[in-house]
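In what follows, a single structure is set out as C-alpha coordinates and then discussed.
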Amino acid sequence: MKRIFTLVIAALAAMTISAKTVIDKTWSSWGAGCTVDGKTITFSQSWKGAGYWMYPTDASNDDLLVLVFAEPTVGDVQFFVQAETDCSAQSATVAIPAGSRVVSLDLKNDEKLANHLSNLAQICVQSQNVEEGKEAKLVVQEVYLGSETDLKETKSQVEIQYESEGTNVDYDEYGNVLTSQFEALNLSDDDKVVFTILPPASSPKIINLS
(Lines give C-alpha, C1' and ligand atoms only; values in the text may rest on other atoms or scores of the structure.)
Protein backbone atom coordinates (compact mmCIF):
# COMPACT_ATOMS: atom_id res chain seq x y z
CA MET A 1 0.00 0.00 0.00
CA LYS A 2 1.27 3.41 -0.92
CA ARG A 3 2.13 5.56 2.07
CA ILE A 4 1.61 9.30 1.64
CA PHE A 5 3.29 11.81 3.90
CA THR A 6 2.08 15.41 3.96
CA LEU A 7 4.55 18.18 4.72
CA VAL A 8 3.04 21.56 5.50
CA ILE A 9 5.35 24.54 5.25
CA ALA A 10 3.91 27.46 7.19
CA ALA A 11 5.01 30.49 9.16
CA LEU A 12 6.08 29.68 12.70
CA ALA A 13 6.18 32.04 15.66
CA ALA A 14 8.79 31.66 18.37
CA MET A 15 7.02 30.37 21.46
CA THR A 16 9.12 32.35 23.87
CA ILE A 17 7.69 33.65 27.11
CA SER A 18 8.60 37.33 27.37
CA ALA A 19 7.36 40.09 29.63
CA LYS A 20 8.78 42.90 27.53
CA THR A 21 6.57 45.87 26.65
CA VAL A 22 7.10 47.38 23.21
CA ILE A 23 6.70 51.18 23.07
CA ASP A 24 5.36 52.24 19.68
CA LYS A 25 5.54 56.05 19.40
CA THR A 26 6.87 58.60 16.91
CA TRP A 27 10.31 60.22 16.71
CA SER A 28 10.43 64.02 16.30
CA SER A 29 13.44 66.17 15.43
CA TRP A 30 14.51 69.02 17.70
CA GLY A 31 15.23 71.14 14.63
CA ALA A 32 18.02 71.91 12.14
CA GLY A 33 20.88 69.44 12.03
CA CYS A 34 18.67 66.40 12.63
CA THR A 35 16.11 64.92 10.28
CA VAL A 36 13.59 62.18 11.03
CA ASP A 37 12.03 59.93 8.39
CA GLY A 38 9.88 57.40 10.22
CA LYS A 39 12.34 55.44 12.34
CA THR A 40 15.45 56.71 10.54
CA ILE A 41 17.21 59.55 12.36
CA THR A 42 20.03 61.37 10.57
CA PHE A 43 22.35 63.90 12.20
CA SER A 44 24.33 66.35 10.06
CA GLN A 45 25.69 68.42 12.95
CA SER A 46 27.04 67.79 16.44
CA TRP A 47 24.80 67.99 19.52
CA LYS A 48 21.53 67.85 17.60
CA GLY A 49 18.79 65.41 18.40
CA ALA A 50 15.32 63.91 18.37
CA GLY A 51 12.75 62.91 20.98
CA TYR A 52 10.41 59.96 21.43
CA TRP A 53 7.48 61.25 23.49
CA MET A 54 5.85 58.48 25.53
CA TYR A 55 4.30 60.17 28.58
CA PRO A 56 2.93 58.64 30.71
CA THR A 57 4.76 55.33 30.56
CA ASP A 58 4.95 53.25 33.73
CA ALA A 59 8.21 51.30 34.01
CA SER A 60 7.95 50.55 37.72
CA ASN A 61 8.08 46.81 37.12
CA ASP A 62 10.78 46.88 34.46
CA ASP A 63 14.56 46.68 34.73
CA LEU A 64 15.71 48.04 31.39
CA LEU A 65 14.79 50.32 28.53
CA VAL A 66 16.18 48.85 25.31
CA LEU A 67 16.76 50.36 21.86
CA VAL A 68 17.20 47.89 18.99
CA PHE A 69 18.55 49.08 15.64
CA ALA A 70 17.70 47.58 12.25
CA GLU A 71 21.27 48.07 11.05
CA PRO A 72 24.59 49.04 12.64
CA THR A 73 24.55 52.67 13.76
CA VAL A 74 26.72 55.28 12.06
CA GLY A 75 28.72 57.84 14.03
CA ASP A 76 28.80 58.47 17.77
CA VAL A 77 25.42 59.15 19.35
CA GLN A 78 24.08 59.05 22.92
CA PHE A 79 20.67 58.75 24.51
CA PHE A 80 18.97 59.57 27.81
CA VAL A 81 15.48 59.28 29.28
CA GLN A 82 13.42 62.02 30.89
CA ALA A 83 10.49 61.63 33.29
CA GLU A 84 7.54 63.71 34.53
CA THR A 85 5.44 66.08 32.41
CA ASP A 86 8.05 68.84 32.60
CA CYS A 87 10.93 66.39 31.98
CA SER A 88 12.42 67.51 35.29
CA ALA A 89 13.99 64.10 35.98
CA GLN A 90 16.68 62.90 33.61
CA SER A 91 18.76 59.75 33.48
CA ALA A 92 22.47 59.52 32.92
CA THR A 93 23.48 59.50 29.25
CA VAL A 94 24.19 56.17 27.55
CA ALA A 95 26.62 55.99 24.64
CA ILE A 96 25.54 54.55 21.29
CA PRO A 97 28.94 53.84 19.69
CA ALA A 98 29.23 53.49 15.93
CA GLY A 99 28.26 49.97 14.85
CA SER A 100 25.78 49.36 17.69
CA ARG A 101 22.80 47.05 17.22
CA VAL A 102 21.38 47.05 20.78
CA VAL A 103 21.80 49.51 23.68
CA SER A 104 20.04 49.68 27.04
CA LEU A 105 19.52 51.85 30.11
CA ASP A 106 19.47 50.24 33.57
CA LEU A 107 16.37 51.98 34.95
CA LYS A 108 16.40 50.93 38.58
CA ASN A 109 20.09 51.62 39.11
CA ASP A 110 19.93 55.10 37.62
CA GLU A 111 20.02 57.40 40.66
CA LYS A 112 18.31 60.34 38.94
CA LEU A 113 15.49 58.31 37.41
CA ALA A 114 14.81 55.50 39.88
CA ASN A 115 12.13 57.42 41.81
CA HIS A 116 10.29 58.53 38.66
CA LEU A 117 9.79 55.25 36.80
CA SER A 118 5.99 55.46 36.89
CA ASN A 119 6.05 58.64 34.78
CA LEU A 120 8.58 58.22 31.98
CA ALA A 121 8.14 61.04 29.47
CA GLN A 122 10.52 60.70 26.55
CA ILE A 123 13.67 59.18 25.10
CA CYS A 124 16.17 61.63 23.62
CA VAL A 125 18.87 60.70 21.12
CA GLN A 126 21.67 63.20 20.49
CA SER A 127 24.63 63.29 18.14
CA GLN A 128 28.09 63.88 19.54
CA ASN A 129 31.01 64.81 17.32
CA VAL A 130 29.85 64.85 13.69
CA GLU A 131 32.63 65.84 11.33
CA GLU A 132 31.87 68.42 8.64
CA GLY A 133 30.53 66.74 5.52
CA LYS A 134 29.67 63.51 7.35
CA GLU A 135 26.56 62.18 9.08
CA ALA A 136 25.55 60.06 12.04
CA LYS A 137 22.53 57.81 11.62
CA LEU A 138 20.21 55.56 13.61
CA VAL A 139 17.62 53.22 12.11
CA VAL A 140 15.46 52.23 15.07
CA GLN A 141 13.81 48.82 14.84
CA GLU A 142 12.21 48.58 18.26
CA VAL A 143 11.98 50.28 21.65
CA TYR A 144 10.91 48.23 24.64
CA LEU A 145 10.85 47.89 28.42
CA GLY A 146 11.99 44.53 29.73
CA SER A 147 14.37 42.39 31.72
CA GLU A 148 17.94 41.12 31.45
CA THR A 149 16.52 37.92 29.95
CA ASP A 150 14.76 39.91 27.22
CA LEU A 151 17.97 41.83 26.50
CA LYS A 152 20.03 38.65 26.26
CA GLU A 153 17.54 37.09 23.85
CA THR A 154 17.48 40.25 21.71
CA LYS A 155 21.28 40.31 21.50
CA SER A 156 21.35 36.64 20.47
CA GLN A 157 18.80 37.21 17.72
CA VAL A 158 20.59 40.30 16.43
CA GLU A 159 23.97 38.53 16.43
CA ILE A 160 22.66 35.65 14.36
CA GLN A 161 20.87 38.01 11.97
CA TYR A 162 23.95 40.18 11.51
CA GLU A 163 26.46 37.34 11.21
CA SER A 164 24.31 35.55 8.65
CA GLU A 165 24.01 38.54 6.30
CA GLY A 166 25.85 37.99 3.04
CA THR A 167 26.27 34.24 3.49
CA ASN A 168 25.17 31.46 1.13
CA VAL A 169 21.40 31.34 0.86
CA ASP A 170 19.53 29.02 -1.52
CA TYR A 171 16.02 29.88 -2.69
CA ASP A 172 13.30 27.95 -4.46
CA GLU A 173 11.47 29.19 -7.57
CA TYR A 174 9.05 31.18 -5.40
CA GLY A 175 11.76 33.06 -3.54
CA ASN A 176 11.44 31.06 -0.33
CA VAL A 177 14.58 30.22 1.62
CA LEU A 178 15.60 26.57 1.35
CA THR A 179 18.93 26.68 3.18
CA SER A 180 21.02 29.38 4.78
CA GLN A 181 24.58 29.05 6.07
CA PHE A 182 26.33 31.15 8.66
CA GLU A 183 29.80 30.62 9.99
CA ALA A 184 31.89 31.26 13.11
CA LEU A 185 29.05 31.99 15.52
CA ASN A 186 30.17 31.85 19.13
CA LEU A 187 27.19 30.53 21.08
CA SER A 188 29.07 29.45 24.19
CA ASP A 189 27.32 32.07 26.35
CA ASP A 190 23.83 31.40 24.99
CA ASP A 191 21.11 29.05 26.15
CA LYS A 192 19.28 28.57 22.86
CA VAL A 193 19.06 29.57 19.21
CA VAL A 194 15.85 31.25 18.03
CA PHE A 195 14.93 31.19 14.34
CA THR A 196 12.24 33.65 13.26
CA ILE A 197 10.44 32.56 10.08
CA LEU A 198 8.63 35.39 8.34
CA PRO A 199 5.07 34.77 7.07
CA PRO A 200 4.95 33.62 3.45
CA ALA A 201 3.61 35.97 0.78
CA SER A 202 0.99 33.38 -0.24
CA SER A 203 -0.84 30.55 1.48
CA PRO A 204 1.24 27.66 2.96
CA LYS A 205 2.41 25.03 0.49
CA ILE A 206 1.38 21.41 0.93
CA ILE A 207 3.82 18.93 -0.52
CA ASN A 208 2.79 15.28 -0.90
CA LEU A 209 5.63 12.80 -0.70
CA SER A 210 4.92 9.23 -1.78
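All values below come from the heavy atoms of this structure, side chains included, with hydrogens, waters and symmetry mates left out.
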Mind listing the closest non-hydrogen atom pair of D76 and A98 along with its distance? OD1-N, 3.5 Å
Please determine whether residues V143 and Y55 belong to a single hydrophobic cluster, defined as Ile, Leu, Val, Met, Phe, Trp and Tyr linked transitively by side-chain heavy-atom distances below 4.5 Å. no
Does L107 share a hydrophobic cluster with V66, counting links as ILVMFWY side-chain heavy atoms below 4.5 Å and allowing steps through other members? no
Are V68 and F79 linked, directly or through intermediate hydrophobic residues, by side-chain heavy-atom contacts shorter than 4.5 Å (ILVMFWY only)? no
Kindly determine whether S29 and T35 satisfy side-chain contact (heavy atoms from CB on, under 4.5 Å), including the steps that lead there. CA-CA 6 Å; S29 171; T35 59; over 6 Å; no
Between D150 and S147, is there a donor-acceptor pair closer than 3.5 Å when you use the side chain of the first and the backbone of the second? yes
Rounded to the nearest 0.5 Å, how far does NE2 of H116 lie from CD of E84? 6.0 Å
Straight-line distance of D63 CG to L151 CG, nearest 0.5 Å: 10.5 Å
Minimum heavy-atom separation for V77 and Q126, please, with both atom names. CG1-O, 3.1 Å
Roughly how far, to the nearest 0.5 Å, is the CG atom of N115 from the OG atom of S60? 10.5 Å
Partners meeting side-chain hydrogen bond (donor to acceptor under 3.5 Å, both in side chains) with Q122 (sequence neighbours left out): Q82
Between W53 and C87, which heavy-atom pair has the shortest distance, and what is it? CZ3-SG, 3.8 Å
Using modelled atom types only, decide if a donor and an acceptor are shared between the side chain of T73 and the backbone of S100 within a distance under 3.5 Å. yes
Closest contact, heavy atoms only, C34 versus K48: CB-CB, 4.1 Å
So which atom in V36 and which in S28 form the shortest heavy-atom distance, rounded to 0.1 Å? CG2-C, 4.1 Å
Non-hydrogen atoms of L105 and A92 that approach each other most closely: CD1-O, 4.3 Å
Return yes when atom CG of D58 has more than 12 non-hydrogen atoms of other residues, nucleotides or ligands closer than 6.0 Å, and no otherwise. yes
When Ile, Leu, Val, Met, Phe, Trp and Tyr are grouped by side-chain heavy atoms lying under 4.5 Å apart, directly or through other members, which residues fall in the same group as W30? F80
Between Q128 and S46, is there a side-chain heavy-atom distance shorter than 4.5 Å? no
With a 4.5 Å cut-off on side-chain heavy atoms, are V94 and L67 touching? no
State the OG-CD distance between S44 and E132, to the nearest 0.5 angstrom. 11.0 Å
Stepwise side-chain contact (heavy atoms from CB on, under 4.5 Å) test for L117 and K108: CA-CA 8 Å; L117 296 182; K108 293 184 177 177; 3.9 Å; yes
When clusters are formed by joining ILVMFWY residues with side-chain heavy atoms under 4.5 Å apart, either directly or through shared neighbours, do L65 and V103 land in the same one? yes
Side-chain (S127) to main-chain (W47) donor-acceptor, under 3.5 angstrom: yes
Hey, any chance F69 and V125 share a hydrophobic cluster, counting ILVMFWY side chains that come within less than 4.5 Å of each other, even indirectly? yes
Those residues at least two apart in sequence (or on a different chain) that pass ring-ring contact (aromatic ring centres under 6.0 Å, His included) with Y144 are none
With no hydrogens and no angle check, is any side-chain donor or acceptor of Y52 less than 3.5 Å from a backbone partner on I23? yes
Is the count of non-hydrogen atoms from other residues, nucleotides or ligands lying under 6.0 Å from K134 atom NZ greater than 12? no
CG of D37: more than 12 outside heavy atoms within 6.0 angstrom? no
T40 OG1 to W27 CH2 distance, which is reported to the nearest 0.5 Å: 11.5 Å
V130 and Q45: side-chain contact (heavy atoms from CB on, under 4.5 Å), yes or no, with the steps? CA-CA 6 Å; V130 179; Q45 300 174 31; 5.8 Å; no
Quick one: CG on L120 to CE on M54, what's the gap to the nearest 0.5 Å? 4.5 Å
So, the side chain of S91 versus the backbone of L113: is there a donor-acceptor pair under 3.5 Å, distance only? no
